[in-house]
Amino acid sequence: MTFDKGMTLTTERLMLRPFGEADIDAVLRVADDPEMLRWMPWAGDQTPERAVAWCTIDAHGDPSSQIHFAMVGESGSCDGSIGLSRASFEGGRVEIGYWVGAWARGRGYGAEAARAVSAYAFSKGLHRVELLAATGNVASQRVAVRAGFTREGVLREALVVPGGRTDAVMYSRLKGDAP
């Protein structure tokens, strides 16, 4: 089993589509955001060359283990990113991750996209979608709860953030959970 390369998902307000050259500016812009610099290790090292590579090559990686979407909201351009990675189709598990640009926060895009991408994962035969959020990243934890994820516990020093290692809250959604 694999994810569908080139897949586009739609929700009531979002289009989740493959990354492309049109998204490079959004990736560069978000890398300057203080919240992204606090939580995302890649943000501080972002360059135009890396943004091009992400949008045109890296985000289109191996469909047997990952799929990434540009989150396009009412602006018509990239407002965020969401993806599935570390998929184990044999084990029925996958990890979800996301970011939303400062200009698009507070609209519920992250939760709406997480629900849609989780449903997609379940449609591909996966049973469990896992989400890790740094214990200090309260905004990401709120997105998880709004998207229907259940808090399971804290994993000690499970994430690397720009300041070093941090504890992470583990959330999950199971295929049988309410939408």
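Please read these numbers as outputs of a predicted model, since none were measured by experiment.
- Q66 and G61 get closest at one heavy-atom pair: NE2-CA, 3.8 Å.
- Using a distance-only test at 3.5 Å, with no hydrogens or angles considered, no donor-acceptor pair links the side chain of K5 to the main chain of P63.
- Residues W54 and I57 do not share a hydrophobic cluster, defined by chaining ILVMFWY side chains whose heavy atoms lie under 4.5 Å apart.
- With hydrogens and angles disregarded, a donor-acceptor distance shorter than 3.5 Å links the side chain of H60 to the backbone of C55.
- Of all heavy-atom pairs spanning A70 and D23, the tightest one is CB-OD2, 3.8 Å.
- When all heavy atoms are compared, the tightest approach of V143 to A111 is CG1-N, 3.6 Å.
- In terms of heavy atoms, T166 sits closest to A134 at CG2-CB, 3.8 Å.
- Counting side-chain heavy-atom gaps under 4.5 Å among Ile, Leu, Val, Met, Phe, Trp and Tyr, L37 is found in no cluster with other residues.
- Taken from OG1 in T10 to CZ in R17, the straight-line distance is 13.5 Å, to the nearest 0.5 Å.
- Counting only heavy atoms from C-beta outward, the side chains of R128 and V94 never approach each other to under 4.5 Å.
- Nearest heavy atoms, A31 versus W42: CB-CZ3, 4.3 Å.
- The list of salt bridge (charged side-chain N to carboxylate O under 4.0 Å, His left out) pairs with a residue in residues 91-115, not counting sequence neighbours, reads R13-E112, D33-R105, R86-E95, R93-E130.
- At a threshold of 4.5 Å between non-hydrogen side-chain atoms, the residues Y109 and V72 do not count as touching.
- At least one donor-acceptor pair under 3.5 Å links the side chain of N137 to the backbone N or O of S140.
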Self-check item: side chain to side chain contact (heavy atoms under 4.5 Å, CB included) between D45 and R50, intermediate numbers included
Solution: CA-CA 9 Å; D45 294 330; R50 287 182 178 177; 2.9 Å; yes
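- Note that CG of D177 and OG of S118 are 9.5 Å apart. Values are rounded to the nearest 0.5 Å.
- Residues M71 and W99 have side chains not in contact (no heavy-atom distance under 4.5 Å, counting atoms from C-beta outward).
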Self-check item: Working for side chain to side chain contact (heavy atoms under 4.5 Å, CB included), residues R29 and D25
Solution: CA-CA 6 Å; R29 192 169 147 202; D25 287 341; 5.9 Å; no
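- For the pair H68/I82, no side-chain contact is recorded, criterion being any heavy-atom separation below 4.5 Å from C-beta on.
- In the hydrophobic cluster analysis, where Ile, Leu, Val, Met, Phe, Trp and Tyr join through side-chain heavy atoms closer than 4.5 angstrom, M7 is grouped together with I96.
- In this structure, K124 NZ and Y120 OH are separated by 4.5 Å, a value rounded to the nearest 0.5 Å.
- Hydrophobic clustering of Ile, Leu, Val, Met, Phe, Trp and Tyr side chains at less than 4.5 Å, counting indirect connections, keeps W39 apart from V30.
- Nearest heavy atoms, A51 versus I24: CB-CG2, 3.9 Å.
- No side-chain heavy atom of K175 sits less than 4.5 Å from a side-chain heavy atom of L126.
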Quiz prompt | Criterion side chain to side chain contact (heavy atoms under 4.5 Å, CB included) on V117 and L84, from CA distance to verdict | solution = CA-CA 8 Å; V117 171; L84 299 170; 3.5 Å; yes
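- Cluster annotation: M1 is not connected to L174 through the hydrophobic network of ILVMFWY side chains, with a link wherever side-chain heavy atoms come within less than 4.5 Å.
- Counting heavy atoms from C-beta outward, F19 and S81 have side chains that approach closer than 4.5 Å.
- Considering only heavy atoms from C-beta on, F149 comes within 4.5 Å of V129 through its side chain.
- Atom CZ of F69 sits about 7.5 Å away from atom OG1 of T8, to the nearest 0.5 Å.
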Practice problem: Quick one: do V27 and Q46 satisfy side chain to side chain contact (heavy atoms under 4.5 Å, CB included)? Show the steps, please. | Solution: CA-CA 8 Å; V27 171; Q46 190 61 263; 3.6 Å; yes
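- With rounding to the nearest 0.5 Å, the separation of OG1 in T135 from CG in L159 is 8.5 Å.
- The shortest distance between side-chain heavy atoms of P162 and R38 does not fall below 4.5 Å.
- A distance of 10.5 Å separates OH of Y171 from CG of L132, quoted to the nearest 0.5 Å.
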